[in-house]
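The model shown is predicted, which means the values in this text are computed figures rather than measured ones.
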Amino acid sequence: MGENIDFRRWDDLIPDALGLIFKNLPLQEILTVVPRVCKSWRKAVTGPYCWQDIDIEQWSQQCRPETLDRMLQMLITRSSGSLRKLCVTGLANDQSFSLIADNAKSLQTLRLPRSEISDSIVEQVAGRLFSVTFLDVSYCRNIGAPALEAIGKNCKLLMGLRRTMHPLEVIDKLSQDDEAFAIATTMPKLKQLEVAYLLISTEAVLKILENCPELELLDVRGCWNVKLDENYIKKFTRLKVVGPLVVDYFGMKGCDDCSNYSGSSGYLAWDFVAGNVGSDYDISDGDWEDDQSMEDVEMRFYDGFDLDNAAFDWPLSP
């Protein structure tokens, strides 16, 4: 009991170690609480240590487009080229997508559901996304086959693609087979593919199976024109097919009984692969935990932060 034991203080930890700890905190606390503790903690959260994995997908569902643009600009700048994962919902313009691509040299996981990006910007910057292995462009209404083709030709390491649509978003289309053919002809290394509710045909799906030999998961829920022969599917021993039959959370079958093969289950596609790809499909940031509105949090945060100098104006302990 009388021995002198030296304990290292928290503020003496090196910034990258602090970053590994802090990135497990909710986004609000990283941005508004941690930097006010001391200078070493501020250094950790204003440097790249916390921002190799940026997941603001849930937060971005509730903020204004201009606020989201500003947040992305700040966090991507902090990552200093070390960004490996980015999850964000609802990009409002091509400029933000271009910013992401400009800082994507280490980027592996990119989730951009419900974004207003266009075919033209994807074609322009796809060459900078060469390291991406998983991409989510679900509910992106303004892109189609040209964007997917550009992604396939430039993202040679791509193993997972999520291109789910809402039925109402494709109601004015006659077919999206061109998207399926773009996937089939440019993405041979795919292991997981989710194209739920796309207006694709059996022929298009067979083309994907023919050209993507490493495919382990194919989600075609809600693709009512797809009719796959059970015996044919069994030839692909590693393949799990989900759909086209949709089974809701209460176990009630949809009105169209498309087939009886094992893929017609109620599993959500990315639940099936969660054991293999882990956090790539998780949304870790929860809702704000206090009673403040989003607007209050945003305004208080930005009022105390200098984007140009990356320094907080709050008093800091030595």
Pairwise distance [atom1]([X]) to [atom2]([Y]) - rounded to 0.5 angstrom:
| X | Y | atom1 | atom2 | answer |
| --- | --- | --- | --- | --- |
| Leu158 | Leu110 | CG | CG | 10.0 Å |
| Met71 | Ile76 | CE | CD1 | 11.5 Å |
| Asp229 | Lys234 | CG | NZ | 9.5 Å |
| Met187 | Leu190 | CE | CG | 6.0 Å |
| Leu86 | Ile56 | CG | CD1 | 6.5 Å |
| Asp177 | Glu203 | CG | CD | 7.0 Å |

Hey, does [Y] have a side-chain heavy atom less than 4.5 Å from the side chain of [X]?
| X | Y | result |
| --- | --- | --- |
| Asp219 | Leu193 | no |
| Leu209 | Leu215 | yes |
| Leu198 | Glu179 | yes |

[X]/[Y] ion pair, N-O < 4.0 Å:
| X | Y | answer |
| --- | --- | --- |
| Asp53 | Lys85 | no |
| Lys189 | Glu214 | no |
| Arg111 | Glu57 | yes |
| Glu194 | Arg221 | yes |

Co-membership, hydrophobic cluster, residues [X] and [Y], 4.5 Å side-chain:
| X | Y | value |
| --- | --- | --- |
| Trp59 | Met74 | yes |
| Tyr232 | Leu228 | yes |
| Tyr139 | Leu199 | no |
| Leu72 | Leu112 | yes |

Query raised in the report: Checking side chain to side chain contact (heavy atoms under 4.5 Å, CB included) against Pro244, which of Thr202, Ile200, Val220 comes through?
Result: Val220
Query raised in the report: Are Arg84 and Gln52 close enough that a side-chain donor and a side-chain acceptor fall under 3.5 Å?
Result: yes
Requested in this report: Walk me through it: do Val125 and Phe97 pass the test side-chain contact (heavy atoms from CB on, under 4.5 Å)?
Outcome: CA-CA 9 Å; Val125 306; Phe97 185 68; 3.3 Å; yes
Requested in this report: For Asp94, enumerate each residue passing the side chain to side chain donor-acceptor pair (under 3.5 Å) test, keeping only those at least two apart in sequence or located in another chain.
Outcome: Ser118
Report task. Name all residues meeting the side chain to side chain donor-acceptor pair (under 3.5 Å) criterion together with Asp119; count only those two or more places apart in sequence or in a different chain, and write none if there are none. Result -> none
Query raised in the report: What is the minimum heavy-atom distance between Met165 and Cys140, and which atoms define it?
Result: SD-N, 4.1 Å
Pair up each side-chain donor or acceptor in residues 144-154 with any protein partner under 3.5 Å, not counting sequence neighbours, and list the distances.
{"residue": "Glu149", "atom": "OE2", "partner": "Lys153", "partner atom": "NZ", "Å": "2.8"}
{"residue": "Asn154", "atom": "ND2", "partner": "Ala150", "partner atom": "O", "Å": "2.7"}

